[in-house]
Amino acid sequence: MTRTAAREIAIQLSFAAAAAKLEPLELAERFFDPDYYESLAGVDELFSERPDEQQLDYICRLISLTTEHREEIDALIGKYSHGWRVERISRTALAVLRCAVCEILYMQDIPNAASINEAVELCKGYDEPETVAFVNGVLGGIMRGEFAKAPAPDEA
């Protein structure tokens, strides 16, 4: 299984956890039950391969961190989604944004550019082009606004 597939599963689980108000690890435990997960392979090719231990760790870490830091993540998304309240963003786009921002803030082992690129690519499979551009714009704004390099003293 690729990191992209693991990320997409994490986004789906984050979406489900938020919608069902379940603890993310409880949801993951149910979801990755061998019999249940195997039954999904016929529904969606995404589930044709079971995640290995490293991928399961990544998925569980991402959904846990996303849930744990949801308020901070949503505040940052709200700050850079000019003219849009977080509540008005489509739930799929919000799940993608939350996971990407979580990776940027709390998973330093993943390059920020990879998080943004993957978020935009995954969003293309779920939303309209305008929403994809919105997601890209919010993530770009976060990077420019929160992580822009300060000029060196001799450049100021």
Side-chain angles (χ1 to χ4, degrees), residues 1-78 80-81 84-129 131-140 142-143 146-147:
M1 172 177 286
T2 64
R3 173 65 66 101
T4 300
R7 184 178 277 112
E8 186 168 4
I9 290 171
I11 288 169
Q12 289 186 9
L13 286 174
S14 291
F15 178 93
K21 308 243 189 281
L22 291 173
E23 288 297 316
L25 294 180
E26 177 186 346
L27 178 65
E29 186 176 316
R30 291 181 187 179
F31 186 80
F32 290 114
D33 172 77
D35 292 333
Y36 179 74
Y37 193 83
E38 187 176 305
S39 74
L40 296 174
V43 178
D44 190 330
E45 188 178 325
L46 176 64
F47 308 112
S48 62
E49 184 180 346
R50 187 168 173 78
D52 63 23
E53 287 303 314
Q54 183 179 3
Q55 293 156 339
L56 277 173
D57 177 61
Y58 161 77
I59 292 167
C60 290
R61 192 166 53 120
L62 181 55
I63 63 173
S64 292
L65 287 168
T66 301
T67 302
E68 180 181 337
H69 298 283
R70 178 164 292 140
E71 287 181 22
E72 180 183 352
I73 291 168
D74 284 359
L76 199 56
I77 291 169
Y80 290 95
S81 58
W84 285 82
R85 290 187 329 269
V86 171
E87 303 81 38
R88 290 194 57 219
I89 300 171
S90 80
R91 291 188 302 208
T92 51
L94 187 56
V96 169
L97 281 166
R98 283 174 173 157
C99 286
V101 171
C102 181
E103 286 183 344
I104 291 166
L105 294 177
Y106 304 108
M107 300 174 82
Q108 281 71 42
D109 56 319
I110 300 170
N112 292 344
S115 296
I116 294 168
N117 183 57
E118 289 284 330
V120 170
E121 290 302 314
L122 287 170
C123 194
K124 288 178 183 178
Y126 292 103
D127 280 304
E128 300 297 319
T131 305
V132 175
F134 172 78
V135 166
N136 190 42
V138 170
L139 294 173
I142 289 170
M143 292 308 298
E146 303 295 318
F147 299 98

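Everything quoted here is computed from the prediction, not taken from an experiment.
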| request: To the nearest 0.5 angstrom, please state how far the SG atom of Cys99 sits from the CD atom of Glu118. | output: 12.0 Å

| said: For a side-chain contact (heavy atoms from CB on, under 4.5 Å) check, start with the C-alpha distance between Leu105 and His69, then their side-chain angles and the critical distance, and finish with the verdict. | reply: CA-CA 10 Å; Leu105 294 177; His69 298 283; over 6 Å; no

| request: Answer yes or no: is there a side-chain heavy-atom contact under 4.5 Å between Pro24 and Leu13? | output: no

| task | Applying side-chain contact (heavy atoms from CB on, under 4.5 Å), run through Leu97 and Val86 and close with a yes or a no. | result | CA-CA 10 Å; Leu97 281 166; Val86 171; over 6 Å; no

| Quick one: salt bridge (Lys or Arg N to Asp or Glu O under 4.0 Å) partners of Glu87, sequence neighbours excluded? | Arg85

| query | Between Tyr80 and Glu146, is any side-chain donor less than 3.5 angstrom from a side-chain acceptor? | reply | yes

| said: What verdict does the side-chain contact (heavy atoms from CB on, under 4.5 Å) test give for Phe134 and Glu128, after you've listed the backbone C-alpha separation in whole Å, the side-chain angles of each residue and the deciding distance to 0.1 Å? | reply: CA-CA 10 Å; Phe134 172 78; Glu128 300 297 319; over 6 Å; no

| Beyond-backbone contact of Ile104 with Phe147, side-chain heavy atoms, under 4.5 angstrom | yes

| said: Counting only heavy atoms from other residues, nucleotides and ligands, does the tally under 6.0 Å from CD of Glu38 exceed 12? | reply: no

| said: Are more than 12 heavy atoms, taken from residues, nucleotides or ligands other than Glu26, located less than 6.0 Å from that residue's CD atom? | reply: yes

| field | Side-chain heavy atoms of Glu8 within contact of Leu46, under 4.5 Å | value | yes

| Ile9 and Gln55, any side-chain heavy atoms less than 4.5 Å apart | no

| query | For atom CZ of Arg91, is the number of surrounding heavy atoms from other residues, nucleotides or ligands below 6.0 Å larger than 12? | reply | no

| query | Can you name the salt bridge (Lys or Arg N to Asp or Glu O under 4.0 Å) partners of Asp35, sequence neighbours left out? | reply | none

| message | Is it the case that atom CD in Glu53 sees more than 12 heavy atoms from other parts of the structure closer than 6.0 Å? | response | no

| Audit row: Asp52, Met1, side-chain contact (heavy atoms from CB on, under 4.5 Å) steps and yes/no | CA-CA 8 Å; Asp52 63 23; Met1 172 177 286; over 6 Å; no

| Mind checking what makes side-chain hydrogen bond (donor to acceptor under 3.5 Å, both in side chains) contact with Asn112, not counting sequence neighbours? | none

| request: Mark yes or no: Arg30 above the aromatic ring of Tyr36, with NZ or CZ under 6.0 Å from the six-membered ring centre and no more than 45 degrees from the axis. | output: no

